[in-house]
Amino acid sequence: MQLTILLMLATTLLQGCLPSFYCCGEGWGWAGMALLMVCRALQGLSAGGELSCAAVYISEISPKRSLGLNLSWISVSGAFGAWTVAALVVSLIESLLSKEDMLMWGTSGGACPAPCSSSAGATSRKPRTSRRSWPPRPTRRRPRSSKAPRRRPPASP
């Protein structure tokens with residue numbers, strides 16, 4: 001899980017440092033565009049790895065009666081939550097910057113806070129502890145009821 005967070009951190013930081021058409025010209029702009037696609041592909045792979053780990057973790061710790069509801073929050077927060085937060089951040093940045101500033105560094109300026117938040121998330125994870133004890137405790141068997149004895153089915157010839 002930490003590897004996926006670090007991969008997201010590295011690709012997000014690299015996206016903020018990529019050359020653009022506006023500042024570096026045609027040749028470096030195309031190189032920056034190609035590297036941007038590589039970074040986005042790596043981000044997608046790392047997010048996919050994080051999603052499966054989150055689903056397994058939630059399925060292990062959730063009570064049986066609310067397992068479906070808890071797992072559905074992964075999809076809701078991943079799709080709708082990420083889109084909502086991204087739309088709010090873009091609206092805020094566009095309202096604060098002029099068009100020239102937005103073209104100059106506004107599109108890559110969103111990557112600046114990412115190293116701090118991602119590294120904090122990677123280092124603040126606690127080791128996972130299980131609720132189950134190991135070795136497993138033996139289960140108690142219920143005594144048979146005295147009403148009807150258990151019989152084996154007849155053997156087939």
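- Under a hydrophobic-cluster definition in which Ile, Leu, Val, Met, Phe, Trp and Tyr are linked whenever side-chain heavy atoms come within less than 4.5 Å, directly or via other members, L42 and M8 are assigned to different clusters.
- When every heavy atom of C39 is checked against every heavy atom of L14, the shortest pair comes out as SG-CD2, 3.4 Å.
- A distance of 9.0 Å separates CG in L35 from CH2 in W28, rounded to the nearest 0.5 Å.
- Rounding to the nearest 0.5 Å gives a distance of 11.5 Å between CG of L18 and CE of M37.
- The nearest pair of heavy atoms linking L67 to I58 is CD1-O, 4.2 Å.
- Residues V89 and L97 fall within the same hydrophobic cluster, defined by Ile, Leu, Val, Met, Phe, Trp and Tyr side chains chained together at heavy-atom separations under 4.5 Å.
- The backbone N or O of D101 lies less than 3.5 Å from a partner atom in the side chain of S98, making a donor-acceptor pair.
- The shortest heavy-atom contact between F21 and E26 is CE2-O, 3.7 Å.
- Cluster membership check: L69 shares its hydrophobic cluster with V76, using side-chain heavy-atom separations under 4.5 Å among Ile, Leu, Val, Met, Phe, Trp and Tyr.
- Between N70 and P63, the shortest heavy-atom distance links the atoms ND2-CD, 4.2 Å.
- Between L6 and S46, every side-chain heavy-atom pair lies at or beyond the 4.5 Å cut-off.
- In this structure, CG in L7 is found 7.5 Å from CG in L45, a value given to the nearest 0.5 Å.
- We find the CD1-CG distance between I93 and L88 to be 11.5 Å, quoted to the nearest 0.5 Å.
- A donor-acceptor contact shorter than 3.5 Å is absent between the side chain of S62 and the backbone of S59.
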